[in-house]
Peer 1: 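My structure is below; once you've seen it, I'll send some questions.
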Amino acid sequence: MAETLNEYATQASRPAARPAWFTALQVALGAGAVAADEATLDFYAQDVFSRGEALSAVVSPGTVDELQIAVKTLAAVDVAMVPRGGGLSYTDGYLARRKGSALIDLTRMDKLVELNTVDRYVTVETGMYWATLNDLLKPHGLRTPYWGPLSGLRSTIGGALSQCSVFLGSGEHGSVGDSVLSLDVVLADGSVLTTGSAAAGAGTKPFIRYFGPDMTGLFVGDAGALGIKARATLKLIPREVEIDFVSAVFDDPTAMIEAMSEISRNDIAAECFSFDPILLEQRKKRMSLLADAKTLLNVVKQSGVMAGMGLVKSGRDFVGEGKYSAHVAIEGKTPGEVAQKVETAKKIFAVKGQATENSFPKALRALPFVAPNSMLGPAGERWVPVHAIFPHSTAQHAFAEIQAFFASKQAILDAHQIRIGYLCTTVAQQGYLIEPVFYWNDSHTAYHKRVVEAEYLKVCGEPAANPSATAAVGALKAETARLMRALGGTHFQIGKFYTYRDGRNAAALALFDAIKQQLDPKNVMNPGVLT
């Protein structure tokens, strides 16, 4: 009997037999490019907020050819594939909905393919981080119009395209989708689809997006539903050397939104964003502007010694208690152009606001890409946002309705000690993004412990486990998203959280379904997104 039990224990401790496709991919890509250990699968099954179905493997191709091999091999045996870039999503975009899916980690595909300074475009593999691309372009005095999210130290080009992200440069240039010219996409059969002018063949360069119907736009914001983006070509523009900043405080969010919308319509801000009192308090607690010598040094390099002295003088306490604050970064080709825009911004803010020290936009631009520590609050609180983009004409009403909704949920917020702040930003000349941000106490996941810097984890500490609060946040987050849609808002970062099909024009939906069927007949490309 003892021998039987010992034999059973030995068998149980052996790793499960791997399927033939797993071994085939190890041979083709190298053993280190295909992982299925418990810790790896556990980490990649999570995002900032949620957990997906259990994965069967994490595949990390290093070239486009290897990506093609991986996709073709997996599709042949009907294994669903979930593409992942930097992994900073909080909308379930790369969380598997089908048990046994393989996650395709694209961060090894990070090479510069072509930098064409004459024709003003750059082609990169989509696993490249935005901070890396920015560093590559800086010596040439160039940048992309939209040049990354604040998480660009870890966010990839492909992830931003799949999520259709916004922030740096978005005040003037819109989302990442407005900066892309061409894509190479690996389809479910392993073939490569090319978009933009390069699709014409015969050596045509990827220098312009439109040559017939816009195929590039199909793959922007698709969350990997139609294929896996392998290479991207982005526009290049001269890097502005003249920059200044304007900040103001408001007693009333309606007045602040009105001012920000007016700045957006006047097309004078590279970035125009705001904090409510709660979110500002969190940011001030989490990071002293004076604690980081690198930030101060970069401010001096960017804006001069006087700007650095102003930052030292103002420190963190330049916004009064309970105030809403709006911040603008203004770029131009000459000091005169910037001065004129600054004067316009100040006049717009002065109608119902009060000028204040411009420390926040100055520090942000001095060090735009930082470690993703903001996903935990200053006391280790968990963090997750929810957002929608509104036209300027409805933004004030939407903000008021969202505030009223949370006021109606005050008992739930109090019971679980949930705090809500607001980040808002303008998008090109048409959009106003409203992003409520939830903070609450719960223990940290394996995702947080691996992504957040160790030193920050040590300083902020970890709250006790509080799953009921996380469940309450999940329910409020979903209800908020439904309210935002009812108010006429739209979403970036759709993933598997925001609704895509509900109420959509039937003809448009039929066209999308036909394209999905043509490109991915077995539905193995990130099933569950855009639902």
Peer 1: Heavy-atom count check: over 12 atoms from other residues, nucleotides or ligands less than 6.0 Å from Lys111 NZ?
Peer 2: yes
Peer 1: Looking only at side-chain N and O atoms, does Asp65 offer a donor or acceptor that is under 3.5 Å from a partner on Thr63?
Peer 2: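 Side chains of Thr63 and Asp65: no pair found under 3.5 Å.
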Peer 1: State which residues pass ring-ring contact (aromatic ring centres under 6.0 Å, His included) with Phe207; sequence neighbours excluded, sorted by chain then number.
Peer 2: none
Peer 1: Taking side-chain hydrogen bond (donor to acceptor under 3.5 Å, both in side chains) as the criterion, tell me which of Thr531, Thr91, Asn526, Asp92 meets it with Lys496.
Peer 2: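 Running side-chain hydrogen bond (donor to acceptor under 3.5 Å, both in side chains) over Thr531, Thr91, Asn526, Asp92 with Lys496 returns exactly one hit, Asn526.
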Peer 1: Under a 4.0 Å N-O cut-off, is there an ion pair linking Lys235 with Asp178?
Peer 2: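 No salt bridge links Lys235 with Asp178.
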Peer 1: Restricting to non-hydrogen atoms, name the atom on Ser197 and the atom on Thr204 that form the minimum distance, rounded to 0.1 Å.
Peer 2: O-CG2, 3.4 Å
Peer 1: Of Ser179, Ser165, Ser175, which is the lone residue that meets side-chain hydrogen bond (donor to acceptor under 3.5 Å, both in side chains) with Tyr146?
Peer 2: Ser165
Peer 1: Does Glu114 CD have over 12 foreign heavy atoms under 6.0 Å away?
Peer 2: yes
Peer 1: Does Arg501 pair with Asp513 as a salt bridge, N-O distance under 4.0 Å?
Peer 2: yes
Peer 1: Does Tyr90 have Lys477 sitting over its ring (NZ/CZ under 6.0 Å from centre, angle to axis within 45°)?
Peer 2: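 No, a cation-pi geometry is absent between Lys477 and Tyr90.
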Peer 1: Any side chain to side chain donor-acceptor pair (under 3.5 Å) pairs touching residues 460-472, not counting sequence neighbours?
Peer 2: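 Matches after skipping sequence neighbours: Trp440-Thr470, Asp442-Thr470, Asn466-Ser468.
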Peer 1: Would you mind checking if Arg419 and Glu381 are paired as a salt bridge, meaning a charged N to carboxylate O distance below 4.0 Å?
Peer 2: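 Result for this pair is no, no salt bridge flagged.
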Peer 1: Among pairs that include at least one residue of residues 19-46, which meet ring pair (Phe, Tyr, Trp, His ring centres under 6.0 Å), considering only residues two or more places apart or in two chains?
Peer 2: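 Only Phe43-Tyr447 qualify under ring pair (Phe, Tyr, Trp, His ring centres under 6.0 Å).
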Peer 1: Tyr422: what forms a side-chain hydrogen bond (donor to acceptor under 3.5 Å, both in side chains) with it, not counting sequence neighbours?
Peer 2: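 Expected list: none.
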Peer 1: Return each pair, listed once, that meets salt bridge (charged side-chain N to carboxylate O under 4.0 Å, His left out) where at least one residue sits in residues 195-217; pairs must be two or more places apart or across chains.
Peer 2: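 Sorted pair list: Asp119-Lys205, Arg209-Asp214.
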Peer 1: So, for Phe273 and Phe167, is the gap between ring centers shorter than 6.0 Å?
Peer 2: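 Between Phe273 and Phe167, the centre distance is under 6.0 Å.
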Peer 1: For a side chain to side chain contact (heavy atoms under 4.5 Å, CB included) check, start with the C-alpha distance between Val473 and His416, then their side-chain angles and the critical distance, and finish with the verdict.
Peer 2: CA-CA 9 Å; Val473 169; His416 297 284; over 6 Å; no
Peer 1: For residues 498-531, pull every pair meeting ring pair (Phe, Tyr, Trp, His ring centres under 6.0 Å), keeping only residues two or more places apart or in separate chains.
Peer 2: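 Qualifying pairs: His387-Tyr498, His491-Tyr498, Tyr500-Phe512.
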